[in-house]
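The shown structure was predicted, so the numbers you read here are calculated from the model rather than taken from an experiment. Note that ligands are numbered from 1 as they come in the structure, with each ligand's atoms numbered from 1 the same way.
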Amino acid sequence: KIPVWLDCDTGNDDAFAILLSAFHPRVNLLGISTVHGNAPLAWTTHNTLGILDILHVYNVKVYPGEEAPLVNEARFALDIHGKTGIGGIQLPQSPTNRPVTHPSYLDAMHHAIMQHQDQICLVSTGTSTNIARLITKYPHVVDKIKYISVMGGSFGMGNASPFAEFNFHTDPHASKLVMAKLQDKMILTSLNLSHKIVADEHVRRSIYSELDQSKNSQLRRGFYEILMFYSNKYGCGDGEFKGPPLHDPIAVYSLLPVVDDDFAAYGYKCVKRKLDVVLEGDRMGASVVVNEELELDEDEDGGVIIGQDLDKQKFWKAILDALHAAE
Ligand code: BDR
Ligand code: CA
């Protein structure tokens, strides 16, 4: 199994990243840290604990991380994720899972990385603030991490601005630092990939068949409601999207082709590029390719593995299998 640490800002799509990392047979979820992002930290933490509760997962500790970006003011995405940061579901008000503050998230992550050095993979589905703090406090962890799979960035498009994706836009200083230090180990799920993998009607139906209630558990219904809330926010149906792009679980899933070094098995297509993040102006938070002409040697020159496409049916099957395993 791949030892994984998940760093997330639990909103609607992060919930699916938690589901997949807790129930994919190839993933050993070591711990979760939470970060500001879709909602204030207290809520992203509460939502994370609540999702683990409804999944009946009680052996994964949740460590609250940073409340605000390194430099900029905190900004949330409640317009997309609802006023609690996770619309469509009523999570338990007092989850059985409790947040852990001693040790701090930094010390807990450091401990996990040292215990699983050279094998551990980080998955980041929120702003990069926690990861930036981690590599600042413990710079040696950079050499101990196998991969870091990040949901963030975009090329020629954006969702927080015309040029930038939300996670990078919210804390560009953190994204730039993490990119600078970890790009040779980074797997990136940008909007350009996530927008190709939408939960269309067929996927939504297979998650929750309203025709045959008997087959559907409470849990399945919960995840369906989370998805439908998100779907409505994306105006799915007649507009640009045939369903909501479920960005965050793709970052968990993308570990598999890279760790297995078998892209064909997952239909995974990618390119390798050196990237940077813009800090100021209209393009703040934009991910940019450093020297487009640079021909990187796939094996030697490093650079970010930027996902371009994957086998969608296999991806959705992995989500459905995880739901089934959790039921
Ligand atoms: C990213 O921003 C957040 O709102 C989502 O949870 C996802 O991580 C998509 O741009
Ligand atoms: Ca997220």
Checklist entry - Which pair of non-hydrogen atoms, one from Tyr58 and one from Asp53, has the smallest distance, and what is that distance? => result OH-O, 3.6 Å
Checklist entry - ligand 1 and His247, any nitrogen or oxygen pair closer than 3.5 angstrom? => result no
Checklist entry - Going by the angle between their ring planes, with limits at 30° and 60°, are His195 and Tyr234 parallel, tilted or perpendicular? => result perpendicular
Checklist entry - Any sub-3.5 Å donor-acceptor pair from Arg204's side-chain atoms to Ala199's backbone N or O? => result yes
Checklist entry - Of all heavy-atom pairs between Cys8 and Ile32, which one has the smallest distance, and what is that distance? => result SG-CG2, 3.7 Å
Next on the checklist: I'd like to know if the Ca ion (ligand 2) has an N/O/S atom from Thr125 within less than 3.0 Å of it, counting both backbone and side-chain atoms.
Outcome noted: yes
Checklist entry - Do the charged groups of Lys176 and Asp171 touch, with an N to O distance under 4.0 Å? => result no
Item to check | For ligand 1, the portion of Asp14 having any non-hydrogen atom under 4.0 Å away | outcome: side chain
Checklist entry - With no hydrogens and no angle check, do the side chains of Ser33 and Asp7 hold a donor and an acceptor under 3.5 Å apart? => result yes
Checklist outcome for this item: Within 4.0 Å of some non-hydrogen atom of Glu165, the atoms of ligand 1 are 1 (C), 2 (O), 9 (C), 10 (O)
Next on the checklist: Would Asp13 count as being in polar contact with ligand 1, using the rule that some N or O on each side must be under 3.5 angstrom apart?
Outcome noted: yes
Item to check | Polar proximity ligand 1 side, Asp9 side, N/O cut 3.5 Å exclusive | outcome: no
Checklist entry - With atoms numbered from 1 as shown, which atoms in ligand 1 lie under 4.0 angstrom from a non-hydrogen atom of Asn159? => result 9 (C), 10 (O)
Checklist entry - Nearest heavy atom to atom 3 (C) of ligand 1: which of Ile86, Asp248, Asn38 does it belong to? => result Asn38
Next on the checklist: To check your reading of the site, what angle at the Ca ion (ligand 2) do OD2 of Asp248 and OD1 of Asp9 form, to 10°?
Outcome noted: 140°
Item to check | Tyr253 and Tyr266 aromatic ring geometry - parallel, tilted or perpendicular at 30°/60° bounds | outcome: perpendicular
Checklist entry - Just wondering, is there an N, O or S atom on Asp14 that's nearer than 3.0 Å to the Ca ion (ligand 2)? => result yes
Checklist outcome for this item: ligand 1 to Phe166, heavy atom cutoff 4.0 Å, flagged ligand atoms 2 (O), 3 (C), 4 (O), 10 (O)
Item to check | Test: Asp79 and Lys233 ion pair at under 4.0 Å | outcome: no
